[in-house]
Amino acid sequence: MKKHQLKNRRDFLKAGLAGAAGITVFSGSPLKAERKTAEKTKFVYRKLGNTGITLPVVSIGTGDTNDPGLIKAALDAGVTLLATSQYYGDGRNERMVGEVIKDRSRKSVIIMTSAMPESFNHKEGIFNEGAKVEPFIKKFDESLVRLGVDYVDIFLLPFMARRESVFYAPYLQAMEDIKKQGKARFIGIATHSHEHEAIRAAVEAKIYDVCLVAYNFRKNNHKEIGEAMAYASNKGIGIIAMKTMAGAYWDKDQKEPVNSEAALKWALQNESVHTSVPGVTTFDQLEKDISVMADLSLSDREMSDLKLSLHESPDAPFCQQCGTCLPQCRQALDIPTLMRSHMYAYGYRNLAHARDTLSYAVKDADPCSSCSTCSVSCAMNFDIRSKITKIARLNDVPREFIV
């Protein structure tokens, strides 16, 4: 571990985080200079739909960290929900989470994971005809082994977008069976695009308990998503927000960071959001995320920071996942998935996640080579060809070099 990481960990632990009773937070954020050097913070809790689980509104996504000490610190601070996935590092992240929790009371930790569906058309957001469910179930069983548990608290079917995918009978039955067998206390879906459609379909399916939703201040359809989340919440569905940091940076060179505290607060202003799972890579980030519970209201400065969406650049990491690009591409590329890979690489600096996501869209390193000019006009004015060319280069890097 690097020296500055050790220092950040010591600073975090010195802050004396004590979870439910309250935490003392020392903030070094230049965007919150008006905050006192130290302040007593009580956790804010919300009920996760009808699950009977009550959680702090800030949980933790583990996919961006390779440091088990960071996850331990989050649990010691009072965070209880850990969001992992078989998808992260091809199971390595689950294994790390399992090591962290093995000496803790099983009931003290809420584990949420997911497994990749088979024969899934990411471009259309639907299952291919005849998609088999057995490999998916096998992946989930392997997740239990890696985590070292007999059950998870929440198991998700990821990448749901269209009503058709949510209602795909073999997977609907498999998810219901997993819950009935006691392998998951609760089941749900995760959605990155067409979120409002997927959320409403999850309610109509009548078997799901939870929805993990991409929700942030930069989503052009956040009003539709908010209305769908409110509808689902009123029906007893637990709502968990992801992608709250909206790409983390306004630019690919990481010179202009998104105000992460303000972005997280913005999502939590919606009381239909029962908790959030921001990814963390440093103790400073963890501290900042937890500290927002001191006051969920947005200051004038924070509101101003979030209005920088007018400042989008052609190389910005965040994509709306709106899909308006899809019918325009002469090569029929899955541009939203490519843009999500670009965000993981240039926004979150998670090359492993970027590479795995890239593999669902293209296999070669220059998919745009056959086109002399790009036919795609992006709704966000992005230079699509340039972004695809940059991210597709990862296919030339041997997988073992990307951890």
Side-chain angles (χ1 to χ4, degrees), residues 29-32 34-35 44 46 57-61 64 83 190-196 198-199 211-233 239-252 254-280 285 288-324 336 339-340 342-344 346-348 378-382:
S29 171
L31 296 168
K32 290 287 288 178
E34 73 274 15
R35 183 180 287 155
V44 177
R46 290 175 185 168
V57 293
V58 176
S59 297
I60 181 175
D64 290 331
T191 175
H192 293 78
S193 61
H194 302 284
E195 296 90 349
H196 60 288
I199 294 167
C211 288
L212 175 64
V213 184
Y215 181 63
N216 60 63
F217 71 99
R218 294 171 80 180
K219 295 281 284 187
N220 288 339
N221 64 336
H222 67 72
K223 183 176 180 181
E224 279 183 307
I225 297 173
E227 290 171 351
M229 291 193 305
Y231 168 73
S233 179
I239 303 295
I240 303 174
M242 64 174 170
K243 302 293 187 289
T244 57
M245 304 308 177
Y249 288 87
W250 297 103
D251 64 316
K252 73 175 181 65
Q254 294 191 329
K255 294 180 179 178
E256 299 180 62
V258 168
N259 182 336
S260 60
E261 294 159 286
L264 185 54
K265 285 184 182 183
W266 183 92
L268 295 174
Q269 293 284 302
N270 188 333
E271 293 192 359
S272 294
V273 173
H274 303 139
T275 191
S276 57
V277 287
V280 293
Q285 287 177 350
K288 284 183 180 181
D289 291 346
I290 290 176
S291 74
V292 304
M293 288 186 282
D295 181 4
L296 293 179
S297 63
L298 287 161
S299 69
D300 290 343
R301 171 62 185 275
E302 288 170 329
M303 287 294 292
S304 177
D305 287 340
L306 297 186
K307 291 177 181 177
L308 292 175
S309 55
L310 299 176
H311 179 58
E312 299 285 6
S313 75
D315 278 324
F318 182 71
C319 168
Q320 293 287 339
Q321 301 286 294
C322 64
T324 57
M339 294 303 99
R340 201 163 67 248
H342 183 279
M343 177 185 70
Y344 294 141
Y346 288 97
Y348 301 130
C378 174
M380 293 183 72
N381 222 20
F382 288 166

Minimum heavy-atom separation for [X] and [Y], please, with both atom names.
| X | Y | value |
| --- | --- | --- |
| Ala379 | Cys322 | CB-SG, 4.2 Å |
| Asp295 | Ser297 | OD1-OG, 2.6 Å |
| Ile290 | Val58 | N-CG1, 4.4 Å |
| Ala246 | Arg218 | O-NH1, 2.7 Å |
| Ala263 | Leu306 | N-CD2, 3.9 Å |
| Arg46 | Leu296 | NH2-CD1, 4.0 Å |

Side-chain H-bond candidate by donor/acceptor type, Ser276 with Thr244, under 3.5 Å: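 Distance-only check fails for Ser276 and Thr244.
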
- Any side-chain donor near an acceptor of the partner, Tyr215 and Asn270, under 3.5 Å: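 Their side chains do contain a donor-acceptor pair, which is all the 3.5 Å distance test asks for.
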
Roughly how far apart are [X] [atom1] and [Y] [atom2], rounded to 0.5 Å?
| X | Y | atom1 | atom2 | result |
| --- | --- | --- | --- | --- |
| Leu264 | Lys288 | CG | NZ | 12.0 Å |
| Thr191 | Leu212 | OG1 | CG | 9.0 Å |
| Gln285 | Ser260 | CD | OG | 7.0 Å |
| Glu261 | Asp305 | CD | CG | 10.0 Å |

Measure the shortest side-chain to side-chain distance between [X] and [Y] over non-hydrogen atoms and say whether it is less than 4.5 angstrom.
| X | Y | answer |
| --- | --- | --- |
| Gln269 | Leu298 | yes |
| Lys219 | Phe318 | yes |
| Met245 | Val258 | no |
| His274 | Ile240 | no |

Using atom types as modelled and distance alone, determine if a side-chain donor or acceptor of [X] lies under 3.5 Å from a backbone N or O of [Y].
| X | Y | result |
| --- | --- | --- |
| Lys243 | His192 | no |
| Lys265 | Ser299 | no |
| Glu302 | Trp266 | no |
| Asp289 | Val292 | no |
| Ser233 | Ala230 | no |

Side-chain donor-acceptor pairs of residues 221-229 under 3.5 Å, sequence neighbours excluded:
from   : atom 1 : to     : atom 2 : distance (Å)
Asn221 : ND2    : Glu195 : OE1    : 3.2

